[in-house]
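Okay, so here's the structure we're looking at.
Chain A is the first sequence line, chain B the second, and so forth, proteins listed ahead of strands; every chain is numbered from 1.
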Amino acid sequence: MRTTKARNWQELVDLARKAPRQDEGVVNVPFGFATRVVAQAFAPVERGVASLFEPFAFRALSLASLLAIAAVAANVSPVLQALGDEIAVVNGDPIGELLE
Amino acid sequence: MSDAADATFDLAGCLERVRQSDQLAAKELVDHLYPLVIRIIRAHLPRRVAEEDIAQDVFLKMFTRIAQFQGAVPFTHWVSRITLTTCIDLLRQQKRRPEFRWADLSEDEADVLDTVLTNEGERAPDEALEARELVHRLLGELKPDDRMVIQMLDLEQKTIAEIASLTGWNTSLIKVRAFRARRKLRQLFEELEKKERR
């Protein structure tokens, strides 16, 4: 069963539908409209030199990502080794060593 | 364009020529489709918008994407869909309207709303214009997608299948949007009724 509010809306819509529609009647194309639109649609797109590389941009990004991962993989063990040495130096007791 | 001209227009041939970059054919296509596009814009956007600029935007999109048209749906449906999507995008860009208030209504609009809310009095036929204005004000309170669905369902009396064909949305989504829109409209009526009683 419909609620009162739903009926309110339906009554309002039923009444609104009786109003003459503003989109009825003959619609004339504004003078020069088609010419303007077509000229814009078919205008040659000016492309700069940089745009020549656009088709390769995605491939270049993939290649750069792969190289970055490879660089990290290749250098991870020397970096870890250097870090380990640094930690050993920091943890050492230089005063104790001097007194011995 | 008249109906007779519509009937004799060779749409398939014209499209073929447009695909071969025939500008004359492109102009004929724009002239042929302009009434369809402008009617959709007028039906779904507020009157104050620059309809010619929006129509131009629609046609530019049409020419940009024309290579993607596979013929799965009639070309006019495809163009209608582009127009509707453009309208929805514009509605989304518009700032949310302030709260719906009695004070903003004209005297005639307030009378119509009062009659509808109280279920009293006869509906005069000349109240139809005010009723339409009111409906559009209320629709303006909805989310653009929900508004589009409820407008096509209730005002234009389109079926869910027709809406699905025009918008490309599936039927479940359309039903959800209609449900959400009706719930919001009920809330609006309740709020208006409370305000009226104050």
Treating A/Arg17 as the side-chain partner and B/Asp154 as the backbone partner, does any N or O pair qualify as donor plus acceptor under 3.5 Å?
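It does hold such a pair.
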Joint cluster assignment, [X] & [Y], ILVMFWY side-chain distance < 4.5 Å:
| X | Y | value |
| --- | --- | --- |
| B/Ile160 | B/Phe179 | no |
| B/Met152 | B/Val176 | no |
| B/Val30 | B/Leu24 | no |

As an exercise, state the distance from CH2 of A/Trp9 to CG of B/Leu188, rounded to the nearest 0.5 Å.
9.5 Å
Rounded to the nearest 0.5 Å, how far does CG of B/Leu138 lie from CG of A/Leu12?
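Here the interatomic distance stands at 6.5 Å.
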What part of [X] gets within 4.5 angstrom of chain A, counting heavy atoms only: side chain, backbone, both, or neither?
| X | value |
| --- | --- |
| B/Thr64 | neither |
| B/Glu130 | neither |
| B/Leu139 | side chain |

Name, in order of residue number, those residues of residues 33-42 of chain A that have a heavy atom at a distance of less than 4.5 Å from a heavy atom in chain B; otherwise write 'none'.
A/Phe33, A/Ala34, A/Thr35, A/Arg36, A/Val37, A/Val38, A/Gln40, A/Ala41, A/Phe42
State which residue, out of B/Leu33, B/Asp31, B/Ile38, fulfils the side-chain contact (heavy atoms from CB on, under 4.5 Å) condition with A/Val29.
B/Asp31
